[in-house]
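Below is one structure, written out as structure tokens, with a few remarks after it.
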Amino acid sequence: MGIKIAIIGSGPAAFYTAQSLLKEDIEYEIDIIEKLFSPYGLVRYGVSPDHQSTKNVSRVFERTLSNTNVEFFGGIEINNSPSIKDILALYDAVVIATGMAKDRDLNINNTNISGYFGATQFVNWYNGHPEYKNLSPDLSGDTAIIIGNGNVAIDCARLLVSSNQELEGTDITNYAKVALLNSGIKKVYIIGRRGPLDAKFTTVEIREMSELLDCDQVLSKGTLQSMSKAILEDEIAKQYRILASFPEAKQRNSNKTKTVEFKFYLSPINILGTDRITDVEFRDNLNKNNKTITIKANLIISAIGYEGEEIEGVPTDSTGKIINNENIVKDRLYTVGWVSRGPTGVIGTNKQGGAKVAKLITNNIKPRNSPGRNGLKLLLSKLNKRYISKEQWFLINEEEINRASNSSPRLKFTSFTDVFNFLDNI
Ligand code: NAP
């Protein structure tokens, strides 16, 4: 068998790399090693459950996984045991594609308070990530604040105000669906530290906000004035034109029960409350006298970007990004995707990185008579670690699809215990 490659992580960057390697003239044996029992990373746990057309890219990845030269080792975390050093000793080359799964720190007081969540926690919770399924955010209050002006902020806001009809046909976990539909949240603020024309929302996402069945969208007072020059000169991109079409106050005749308000030029400086959040204090970034304003809230979600988690023996910068030179970390060790370049871009952005790393490997890696897959199986058995194979994942996948109610594409497994029980009882 040809050159033996291990890819650590199984999100889009991992699969685009595998896909590109399989297109090369050289024969590759590719093992995808993943800490969770399921592949596809951000597609399964990050992409919003009501964005099924985006999630459908997993079908493309499934075809790559089905290739006879590809195997899956789910449930195996590469950190200290086994370590990157262990994996490098077994393969001709190793690619780290572990993404960025930690919330960027807001760096203000009181973020440990009850009612404060990072977007990673909240998004993983509604998407059924095994490590976050017990988050149980208290949604009994009426007001939520979301910090950040990116698409993740929009996803969190949209899920907080979605109706039953809008959650039909999604693969949201049942517990999150029940909690969100019974929540008391009536008002959501989406708050940016810069102006409306600096927001990073994209057109589709901002348009979706305007189409919500039971939610109005308003801009905070003064927003349109701050956009007026660009509006008059017709210089603004589509997403800002949609934003500028929102009124500055709720229409009197609206019978919608929820409201999302976009506020700008505010930076959070203090979270107030003892047992749980009561208010958030913001600095007004347009005011030269350090004026602050306070907004009452019961829930705060910080959606200000992601950081990488450290892997023992791999050099990272202060944001958890792996230090690399054009995707090369060191001899035979490569990195790709968010962990190599930072948390930007959509799923398809990773295609290019995958193709680049595949070319680098093809041009530079020679077979070393490495033990590869058999060596990994031996190591895992010595370490007494049980892994989920590709065939087992396909059975899990089939079961998730079969047991879903008619309108839902799948009912996810959310714990290793349930997965192992299922596999042991087939
Ligand atoms: P993002 O697009 O980088 O947005 C992060 C936001 O947080 C920015 O508005 C940023 O403001 C703000 N921010 C950063 N630090 C802050 C601080 N200390 N205080 C207050 N605000 C702060 O990141 P994201 O929303 O996490 O999305 C990550 C990537 O995934 C993006 O490329 C996004 O497009 C993609 N994504 C796509 C979809 C989709 O296509 N549907 C869905 C979700 C995510 P500044 O601009 O001032 O830095």
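Remember, it's 1-based here, ligands and their atoms both numbered in the order they're listed.
Taking 4.0 Å as the cut-off, T344 counts as a neighbour of ligand 1 on heavy-atom distance. Note on ligand 1: G345 sits in its first shell, one or more heavy atoms being nearer than 4.0 Å. Taking 4.0 Å as the cut-off, P343 counts as a neighbour of ligand 1 on heavy-atom distance. Look at W338 and you'll find a heavy atom under 4.0 Å from some atom of ligand 1.
Remark: ligand 1 and R104 share no N or O pair separated by less than 3.5 Å (distance only, no angle test). Note: no N/O pair closer than 3.5 Å links Y306 and ligand 1 by distance alone. Residue R193 has at least one nitrogen or oxygen atom sitting less than 3.5 Å from a nitrogen or oxygen atom of ligand 1, judged on distance alone.
Residues that satisfy the salt bridge (Lys or Arg N to Asp or Glu O under 4.0 Å) test with E62, not counting sequence neighbours, are absent from this structure.
With a 4.0 Å heavy-atom cut-off, ligand 1 is reached by the backbone of A303 but not by any atom from C-beta on. At a heavy-atom distance under 4.0 Å, only side-chain atoms of D155, from C-beta outward, approach ligand 1.
Protein heavy atom nearest atom 8 (C) of ligand 1, with residue, atom name and distance: N149 N, 3.9 Å. Counting only heavy atoms of the protein, atom 4 (O) of ligand 1 lies nearest to G150 CA, 3.5 Å. Looking from atom 46 (O) of ligand 1 to the surrounding protein, the closest heavy atom is R194 NH2, 2.8 Å. Looking at atom 22 (C) of ligand 1, its nearest protein heavy atom turns out to be I304 CG2, 3.4 Å. Shortest contact from atom 39 (C) of ligand 1 to any protein heavy atom: E205 OE2, 3.5 Å. Scanning the protein heavy atoms around atom 23 (O) of ligand 1, the nearest turns out to be G305 CA, 4.4 Å. When only non-hydrogen protein atoms are considered, atom 34 (O) of ligand 1 lies nearest to N151 ND2, 3.1 Å. The shortest contact between atom 1 (P) of ligand 1 and any protein heavy atom is with K200 CD, 3.9 Å.
In this structure, a donor-acceptor pair under 3.5 Å is absent between the side chains of S254 and Q251. Between the side chains of S220 and T223, at least one donor N or O sits under 3.5 Å from an acceptor N or O.
Residues F262 and F201 bring their aromatic ring centres within 6.0 Å.
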Y132 vs Y126, ring pair (Phe, Tyr, Trp, His ring centres under 6.0 Å): CA-CA, chis, key distance, verdict: CA-CA 9 Å; Y132 297 94; Y126 59 63; over 10 Å; no
Chi angles and distances behind the side chain to side chain donor-acceptor pair (under 3.5 Å) call for N285, S267: CA-CA 7 Å; N285 294 329; S267 289; 2.9 Å; yes
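Between F61 and F15, the ring planes lie parallel to each other; the angle is under 30°, not in the 30° to 60° tilted range. Ring planes of F73 and Y387: tilted class, angle from 30 to 60°. Classification of the F122-F117 ring pair by plane angle, with boundaries at 30° and 60°, yields tilted.
With respect to E211 and R158, no salt bridge is recorded, no charged nitrogen being found less than 4.0 Å from a carboxylate O. Salt bridge status for K296 with D279: present, with a side-chain N to carboxylate O gap under 4.0 Å.
We find the CG-CG distance between N69 and L22 to be 6.5 Å, quoted to the nearest 0.5 Å.
Of all the atoms in ligand 1, the ones that sit under 4.0 Å from a non-hydrogen atom of G148 are 7 (O).
When V152, I108, I154 are ranked by how near their heavy atoms come to atom 44 (C) of ligand 1, first place goes to V152.
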